[in-house]
Number of protein chains: 2
Amino acid sequence: MTGNLSETRVDATTDMPEEPTQALRFGRARTARSSALQEDYVELIADLMAAHGEARATDIAKRMGVTHPTALKSITRLKREGLVTSRPYRGIFLTEAGQELAQRVRARHRLMVEFLLALGVPAEAAEADAEGMEHYASEATLAAFGRFLGRLRRDI
Amino acid sequence: MTGNLSETRVDATTDMPEEPTQALRFGRARTARSSALQEDYVELIADLMAAHGEARATDIAKRMGVTHPTALKSITRLKREGLVTSRPYRGIFLTEAGQELAQRVRARHRLMVEFLLALGVPAEAAEADAEGMEHYASEATLAAFGRFLGRLRRDI
DNA sequence: ACTGAATTGTACCCTTGGCTACATTAGTCT
DNA sequence: AGACTAATGTAGCCAAGGGTACAATTCAGT
């Protein structure tokens with residue numbers, strides 16, 4: 001109709017073209033999305049290990065709300081990524097890398113939940129939302145959440 | 001090793017089994033993840049319409065940071081879901097439902113960004129994080145964000 | 001030691017969302 | 001009008017993450 005305007009359009013406030021930066025943002029979101037599931041698995045495995053001393057495939061599947069073959073496939077991927085080890089018909093174990101990841105993910109999760117609770121979000125919603133949002137919060141955002149909680153505690 | 005403890009384990013604070021509720025949370029997160037992309041497309045199409053008067057497949061692809069066949073496939077899915085219409089070699093248009101969704105998504109996005117900025121998150125991080133997190137924030141959380149912004153404005 | 005149930009593993013299918021390669025149509029310019 | 005370019009569409013490939021159905025192994029209880 002009007003021809004290609006996209007090459008010449010600029011952002012009103014910055015005088016910079018908007019496409020590349022937005023494409024980068026979406027790209028990062030895609031990357032985060034693809035690691036989100038792995039982070040959830042690793043966190044869950046760490047939880048099960050802490051609670052039961054072991055992480056079994058069926059329990060993982062139950063907790064994830066997924067059939068066991070699906071869980072097994074995801075675990076296979078975790079093995080390939082070096083986050084987890086397992087021998088046939090034996091439990092699942094986190095590698096060094098897996099434990100480090102689990103620790104970071106759990107800290108992030110706790111911070112996220114605490115932050116939402118502090119804002120007045122009901123507990124169940126806070127847990128549910130954190131489960132999704134935590135994977136997309138950058139260090140900058142997590143730091144801001146931390147500062148907020150710090151201020152709250154200081155000002156009582 | 002120690003037999004099946006999963007059926008009997010309970011949450012320390014509530015005395016309720018933890019599996020079902022956690023499975024539900026993960027299920028909801030999965031659902032949100034699957035609609036996230038559609039929401040991004042619809043929002044982007046609305047933006048392009050507002051800026052250029054039309055939404056073309058190539059521009060959508062560029063902005064999403066994706067090749068055009070990928071964008072076309074997603075658009076096909078949007079058509080199937082009744083959010084969008086298009087005729088061969090013509091532009092993409094939002095249906096009623098698509099416009100409504102776009103409006104909700106944009107409002108949510110703006111709220112999210114504004115909230116993060118108010119917390120002191122740098123602009124680029126706020127935009128990037130909002131792109132991911134917005135899809136997982138429940139009404140309760142969005143309401144809490146709104147209250148926070150309201151308090152800020154009132155207390156100057 | 002055996003049997004039956006539970007757990008784990010495997011095979012195969014589906015959809016989504018990426019990609020490349022190629023075909024077709026529309027738009028523009030001489 | 002014709003030719004070139006850009007945009008759109010189509011075909012086919014891949015990996016991830018969901019599922020069912022069935023096979024194999026382990027575990028528990030007699």
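Throughout, protein chains are lettered first and strands after them, A, B, ... in sequence-line order, and every chain is numbered starting at 1.
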Query raised in the report: Can A:Glu127 and A:His109 be said to form a side chain to side chain donor-acceptor pair (under 3.5 Å), step by step?
Result: CA-CA 9 Å; A:Glu127 272 294 341; A:His109 181 80; 3.2 Å; yes
Report summary line: Between CD1 of B:Ile92 and C1' of D:dT8 the distance, given in whole Å, is 9 Å
Report summary line: Of A:Arg33 and A:Pro88, the one whose nearest nucleotide on DNA chain C sits closer to the 5' end is A:Pro88
Requested in this report: Figure out the OH/P separation between A:Tyr89 and D:dA23, and round it to whole Å.
Outcome: 13 Å
Query raised in the report: In Å, rounded to the nearest 0.5 Å, how long is the span from CZ of A:Phe26 to CG of B:Leu37?
Result: 9.0 Å
Query raised in the report: Could you state the CG-C1' distance from A:Leu72 to C:dC12, rounded to the nearest angstrom?
Result: 15 Å
Report task. Answer yes when A:Asp47 and A:Arg106 have at least one side-chain N-carboxylate O distance shorter than 4.0 Å, and no when they do not. Result -> yes
Query raised in the report: So, is B:Thr70 near the phosphate of C:dG17, with a side-chain N or O under 4.0 Å from OP1 or OP2?
Result: no
Query - Value in whole Å for how far the C1' atom of C:dG17 lies from CD1 of B:Ile60 - result: 16 Å
Requested in this report: Could you tell me the separation between the CG atom of B:Leu37 and the P atom of C:dT15, rounded to a whole number of Å?
Outcome: 18 Å
Query raised in the report: So which one's nearest nucleotide on DNA chain D is more toward 5', B:Ala57 or A:Thr67?
Result: B:Ala57
Query raised in the report: What nucleic acid atoms does A:Pro69 come within less than 4.0 Å of, heavy atoms only: base, sugar-phosphate, or nothing?
Result: base
Report summary line: Atom CZ of A:Arg87 and atom P of D:dT25 are separated, to the nearest Å, by 16 Å
Query raised in the report: Out of C:dG27, D:dG18, C:dG9, which nucleotide sits closest to the side chain of A:Tyr41?
Result: D:dG18
Query raised in the report: Hey, does the side chain of B:Arg77 come within less than 4.0 Å of C:dT16's phosphate (OP1/OP2), counting only N and O?
Result: yes
Report task. Please answer whether C:dT7 and A:His68 are stacked, defined here as ring centres separated by less than 5.5 Å and planes angled under 30°. Result -> no
Query raised in the report: Going by the angle between their ring planes, with limits at 30° and 60°, are B:Tyr136 and A:Tyr136 parallel, tilted or perpendicular?
Result: parallel
Report task. Find the distance B:Arg80:CZ to C:dT15:C1' and express it as a whole number of Å. Result -> 8 Å
Query raised in the report: What does B:Thr58 touch in the nucleic acid at a heavy-atom separation under 4.0 angstrom: a base, only the sugar-phosphate, or nothing?
Result: sugar-phosphate
Query - Side chains of B:Leu116 and A:Phe145 in contact at under 4.5 Å (non-hydrogen atoms) - result: yes
**Report entry** Gap between atoms CZ and P, on A:Arg56 and C:dA5 respectively (whole Å)
**Finding:** 18 Å
